[in-house]
Trainee: 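To start, I am sharing the structure in question, which I have written as structure tokens.
Fair warning: this is a prediction, and the values are worked out from it, not measured in the lab. No hydrogens, no waters, no symmetry mates; every other heavy atom, side chains included, goes into these values. Positions are given from 1, in the same order as the sequence printed here.
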Amino acid sequence: MVEGSVDIDISGLEFDFVRSIRVWDVRYYSHRERGRDDDCSESYNVRLGIYGTQGEFGWQRTTPAAAPQWVLPSRRCSSSSWRRGVGVEWEDHEGNHGYEWVAY
């Protein structure tokens, strides 16, 4: 087998559950009030990992607006928000959605 190649074709619909796996890597997320005018300051480093047609995995930078609520429960400026962790979500072969979050 050549490095980087696969020995099984998983491009069919029966393998959609593999492509449904998404990994949320929140290196840091902060949202809080700053200054006298109650300006909001949001800073973040968030990546999303996804699987491709043949199971290849890759990272892409993303924004807090793209993250589901279980990844970033609050983006309101009225309360200081800080978050760091990794979350994995999936959809099984029957279409059931699930996720796990690990803070670190």
Side-chain angles (χ1 to χ4, degrees):
M1 186 163 104
V2 177
E3 185 176 332
S5 68
V6 295
D7 60 352
I8 184 171
D9 179 11
I10 66 166
S11 62
L13 294 176
E14 65 274 17
F15 291 100
D16 275 353
F17 69 93
V18 173
R19 288 178 289 281
S20 80
I21 299 170
R22 297 162 56 100
V23 182
W24 295 91
D25 179 17
V26 179
R27 301 275 172 104
Y28 65 86
Y29 173 80
S30 174
H31 198 189
R32 60 188 168 161
E33 292 180 11
R34 280 214 172 147
R36 292 186 195 153
D37 299 330
D38 295 330
D39 292 335
C40 290
S41 173
E42 185 176 51
S43 61
Y44 59 88
N45 182 344
V46 180
R47 298 186 308 165
L48 174 61
I50 57 173
Y51 286 90
T53 305
Q54 288 295 341
E56 65 280 3
F57 183 81
W59 291 105
Q60 61 189 30
R61 294 225 177 269
T62 191
T63 64
Q69 190 170 9
W70 63 267
V71 172
L72 296 174
S74 174
R75 293 185 58 218
R76 292 181 304 162
C77 196
S78 60
S79 63
S80 181
S81 297
W82 188 88
R83 186 111 159 133
R84 179 179 171 143
V86 175
V88 178
E89 71 177 311
W90 62 88
E91 193 171 289
D92 69 16
H93 68 281
E94 294 178 341
N96 300 307
H97 181 259
Y99 63 87
E100 289 290 330
W101 176 259
V102 177
Y104 65 92

Trainee: Show the nearest heavy-atom pair for residues V26 and Y104, with the distance to one decimal.
Mentor: O-OH, 4.0 Å

Trainee: Count I, L, V, M, F, W, Y as connected when their side-chain heavy atoms are under 4.5 Å apart, and connections chain through other members. Are W59 and Y51 then in the same cluster?
Mentor: yes

Trainee: Atom CD of residue position Q69 - does it have more than 12 heavy atoms of other residues, nucleotides or ligands inside 6.0 Å?
Mentor: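 Counting neighbours around CD of Q69, 12 or fewer heavy atoms of other residues, nucleotides or ligands fall under 6.0 Å, so no.
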
Trainee: In Å and rounded to the nearest 0.5 Å, what is the CZ to CG distance from R61 to N45?
Mentor: 4.5 Å

Trainee: I need the minimum non-hydrogen distance between R75 and A65, along with the two atoms involved.
Mentor: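 Looks like NH1-CA, 3.5 Å.
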
Trainee: To the nearest 0.5 Å, what is the distance between CZ (F57) and CD1 (I50)?
Mentor: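 CD1 of I50 is found 8.5 Å from CZ of F57.
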
Trainee: Considering non-hydrogen atoms only, spot the tightest contact between H97 and E89 and give its length.
Mentor: NE2-OE1, 2.8 Å

Trainee: Taking all atoms of both residues into account, what is the closest heavy-atom pair of Y44 and T63, and its distance?
Mentor: OH-CG2, 3.8 Å

Trainee: So for atom CD, which belongs to E56, do other residues, nucleotides or ligands contribute more than 12 heavy atoms lying within a distance under 6.0 Å?
Mentor: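 Count over threshold, so yes.
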
Trainee: Quick one: do Y99 and L72 end up in the same hydrophobic cluster if we chain Ile, Leu, Val, Met, Phe, Trp and Tyr together by side-chain heavy atoms under 4.5 Å apart?
Mentor: yes

Trainee: In Å and rounded to the nearest 0.5 Å, what is the CG to CD distance from N96 to E91?
Mentor: 8.0 Å

Trainee: Would you kindly confirm whether I21 and V71 end up in one hydrophobic cluster when ILVMFWY residues are joined by side chain heavy atoms under 4.5 Å apart?
Mentor: no

Trainee: Would you say Y29 and W101 are hydrophobically clustered, going by side-chain heavy atoms of ILVMFWY under 4.5 Å?
Mentor: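 Same hydrophobic cluster.
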
Trainee: State, to 0.1 Å, how close W70 and R83 come at their nearest heavy-atom pair, and which atoms those are.
Mentor: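 In this case the closest contact between W70 and R83 is O-NH2, 3.0 Å.
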
Trainee: Restricting to non-hydrogen atoms, name the atom on W24 and the atom on P68 that form the minimum distance, rounded to 0.1 Å.
Mentor: CZ2-CD, 3.3 Å

